[in-house]
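To start, the structure under review is shown below, and the notes come after it.
Letters A, B, ... mirror the listed sequences (proteins, then strands); counts begin at 1. Being a predicted model, the structure only gives us computed values, none of them experimental.
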Number of protein chains: 2
Amino acid sequence: MQNSFDSPLLTDLYQLTMAQVYVEKGLTGTACFEFFVRELPAERNFLVASGIQEIINFLKNFSFSSEDLKFLESTGLFNKDFLEYLSELQFKGDVYAMDEGTVFFPMEPVLQVKAPLPLAQLLETRIINVLQYSILITSKAARVSLASRGKTVVDFGLRRAHGGEAGLLAAKSSYIGGFNGTSTVLAGKLYGIPIFGTMAHSYIQAHRNELEAFLNFARTYPQRPIFLVDTYDVKQGVETAIKATQILKKEGINPFGIRIDSGDLSEESRMARLLLDEAGYNDIKIIASGDLDEYSVARLVESNAPIDGFGVGTRVVTSVDVPYLNCAYKLVEYSGKKTFKRSKGKATLPGQKQVIRHFDENGGMIFDELVLCDKTMNTSATAKCLLKPIVEQGKVVNSAFAIEDARQRLRTSLNMLPNHLKALHKAPVYEVRINPKHFNLS
Amino acid sequence: MQNSFDSPLLTDLYQLTMAQVYVEKGLTGTACFEFFVRELPAERNFLVASGIQEIINFLKNFSFSSEDLKFLESTGLFNKDFLEYLSELQFKGDVYAMDEGTVFFPMEPVLQVKAPLPLAQLLETRIINVLQYSILITSKAARVSLASRGKTVVDFGLRRAHGGEAGLLAAKSSYIGGFNGTSTVLAGKLYGIPIFGTMAHSYIQAHRNELEAFLNFARTYPQRPIFLVDTYDVKQGVETAIKATQILKKEGINPFGIRIDSGDLSEESRMARLLLDEAGYNDIKIIASGDLDEYSVARLVESNAPIDGFGVGTRVVTSVDVPYLNCAYKLVEYSGKKTFKRSKGKATLPGQKQVIRHFDENGGMIFDELVLCDKTMNTSATAKCLLKPIVEQGKVVNSAFAIEDARQRLRTSLNMLPNHLKALHKAPVYEVRINPKHFNLS
């Protein structure tokens, strides 16, 4: 599917007006921009790189259609020479990035773009738009996964994501973050993510009674039916599920579980477990959903609530406690010269950088180091460079972006992460060494 | 532009599995679903209807492609009869909705869909996905507009919106909410919204110095150049802007303004105003941006900071204080029978409803009333029905969705709204009368 939001007009007007000045004044030398996060929100101890595959696709397809150019002409802001320049524009530059699923920290570049200044500038808005959200969700989902201690977690968030693309990116990002699947069908089609679903309250309401609703569903989907039990009353719903199970077993159908979507999930799940066990159905699973996030999942898991899986939506796909990151895409080099800005609270470090991660002999992360790319880098088994070439002169040279690889990479990353950073509460920060002398700031 | 997020697969899996049961069991009678918000967040005194035009477009184009059907077949969950049913599916039902730009309150349906049960069910996820976000942003932007007391406000939020569609919907929704325009070029092309822009820090950095950057820009855009003055130091930046103005005036170019994007905006704007006035440039405007929302805009306006316009982004497009609404799309009638659910905290009122708004003789809103559609409704100059037919048997019968009309409608609505509800802090709730007897709940 062509992504209609990869239009080059999905950008801020100033990117285009600045680009025209650059072209007019011959400021078309090579620029290096870096995307990075300035600071860690109080509610996060680490972030996870994600969304880079989407940026590669965006760059590969970057071009202005004649319709785009007609609209730009109609604004009266752009001259013929510049529109001609845009009509021929393609991305032939270089991109360096962290692998998706890599844990990272503030000030560390996640993605670097090297291209003629006007082009590199035009890419800014969409790069931030996609990377920020993907990172937000992968990072949040990783916390939910840690809190679930290995229990199944599925993304149910599409409806309350901010628009369609957010829903789709959330399904993908949360899968990389450790979720087991999503309810979003299109994410299954586009990314091959496992898709899951149960039934809705309206489905129960449309039937004459709960029993009929459960039986109809199970007979159509005899594989793994899950019954929603809280439309009218949870206890009564569980009893109906038991009755349905008794009937269905005789037909050779083994219901998989029940879902509770409201009320006190700890209390309701204990009550449901008791009733199911008394009926002899201790193999029937209990799925919980409704306003869950890493904090409530952790409380339920820690209190040993008999819940086997979680449907998590709204609070993850909106990254409700951290709905945005203090992140930027900043010019660090232009025509071989290092650049920076000094704005209060928004200062940047000059020059294209590399991130070196240092490990102890057991593979545990000790600290990261931010160095200039032009320094000689001695990497070894205990010191690895996180930024790798992804695109060279417009050609993709590294396609290690399979979603399953990213998901596995994060799992491995989390094993190397110091334990205190895996806590849900704020922990002492992980060290990112920046030697002021390297950046001529001393 | 075809919206690729209007794919019928951008939905939850259970919508499709439930629909198959409905089709198999002959549960294809007419259903009525209502979209409504359950409760007002503590940070809002009213909400604004928005996003309905997008839903109409979605319904008009609703159909499964052969590629969609192939994917569904590959899941092994759907049989040939159901896939055949999907292949012929089109929206031929009815839609009632509030006009975009209408102020509304909890429990009031904003949109109602009447269609065969399987179809009406399949629409749920995308309807909530679009309406929730549009309402969130229009409602938040209306607060910023009220706080700005008539000063110019422009949406700068695309980069930190949650994905591309959110950025586009935010540009549109905030314009309906009262903003004067957006920086998002594509929103200008698709909706005809005025587009605005200044320049970025990277633009200044790419030049040898600020003066050259300012002069280059003004000579390319002599109409209304705005200079960004905080890349290195605000005071120095303003002095450079003055120097540039002196040079440019001799060339017949009159700079429009300066922009400050960091630091203490109240303090910096006063300093800048003083310097500009001393230089004789009291016509040069001051634009402020950087993490603004209704609270900071109100503080700046109330403290008489000499700011002429605001660029507002991140905190509005993420609706940072209220990133989601407790909203639902619920079955209220099926085959002529009223339905409801009793789940704790998620109970619904049965039956298709109408919202009657009562006004005093000066046009001021007094209270709203929720009644069943089958009650006789006596509407008059002081009592108006808010829900109107939009689509009848698949045909659009009401196209009063021009964005300028919606923007004007909200402005008129806000004039009728009791003053205490326009405050940024929590006010006593507006009354929505629900007569339990009407709903057979007494």
If you count heavy-atom pairs under 4.5 Å between each of [options] and chain A, which one has the most?
options: B/Gly163, B/Gly51, B/Gly29; result: B/Gly163
options: B/Thr314, B/Thr182, B/Leu169, B/Val322; result: B/Thr314
options: B/Cys327, B/Ser74, B/Ala200, B/Ser335; result: B/Ala200
options: B/Gly188, B/Gly167, B/Ala31; result: B/Gly188
options: B/Ser319, B/Ala161, B/Ala187; result: B/Ala161

Largest heavy-atom contact set with chain B, pairs under 4.5 Å, which of [options]:
options: A/Leu16, A/Leu9, A/Asn129; value: A/Asn129
options: A/Leu158, A/Thr184, A/Thr318; value: A/Leu158
options: A/Thr125, A/Asn216, A/Leu136, A/Leu27; value: A/Asn216
options: A/Thr75, A/Ile128, A/Ile137; value: A/Ile128
options: A/Ala206, A/Ala170, A/Gly197; value: A/Ala206

Minimum heavy-atom distance between B/Thr17 and A/Thr198, given as atom pair plus value: OG1-O, 4.1 Å

Which atom of A/Leu72 lies closest to which atom of B/Val185, heavy atoms considered: CD2-CG1, 4.1 Å

What part of [X] gets closer than 4.5 Å to chain A, counting heavy atoms only: side chain, backbone, both or neither?
X: B/Phe217; result: both
X: B/Val320; result: both
X: B/Phe78; result: side chain
X: B/Phe33; result: side chain
X: B/Glu124; result: side chain
X: B/Ile195; result: both
X: B/Leu117; result: side chain
X: B/Val332; result: neither
X: B/Leu325; result: backbone

Validation row: B/Val21, A/Tyr221 side chains within 4.5 angstrom (heavy atoms): yes

B/Asp12 and A/Arg159, any side-chain heavy atoms less than 4.5 Å apart: yes

Any side-chain donor near an acceptor of the partner, A/Gln121 and B/Ser202, under 3.5 Å: yes

No-hydrogen, no-angle side-chain donor-acceptor test under 3.5 Å, A/Tyr324 and B/Arg315: yes

Portion of A/Val317 that has a non-hydrogen atom of chain B nearer than 4.5 angstrom: backbone

Reported OH-to-CD1 distance for the pair B/Tyr14 and A/Ile226, which is rounded to 0.5 angstrom: 12.5 Å

Straight-line distance of A/Ser7 OG to B/Leu186 CG, nearest 0.5 Å: 4.5 Å

Centroid separation A/Phe5 to B/Phe5 less than 6.0 Å: yes

Side chain to side chain contact (heavy atoms under 4.5 Å, CB included) assessment of B/Arg160 paired with A/Tyr133: CA-CA 8 Å; B/Arg160 291 220 180 72; A/Tyr133 184 65; over 6 Å; no

Sidechain-backbone polar pair: B/Glu165 side chain, A/Gly164 backbone, donor-acceptor under 3.5 Å: yes

Sidechain-backbone polar pair: B/His162 side chain, A/Pro323 backbone, donor-acceptor under 3.5 Å: yes

Parallel, tilted or perpendicular: ring planes of A/Tyr22 versus B/His207, cut at 30 and 60 degrees: tilted

Charged N-O contact under 4.0 Å between A/Lys189 and B/Glu67: yes

Stepwise side chain to side chain contact (heavy atoms under 4.5 Å, CB included) test for B/Lys25 and A/Thr220: CA-CA 10 Å; B/Lys25 306 296 173 190; A/Thr220 301; 4.2 Å; yes

Contacts of A/Phe64 that satisfy ring pair (Phe, Tyr, Trp, His ring centres under 6.0 Å) - sequence neighbours left out: A/Phe62

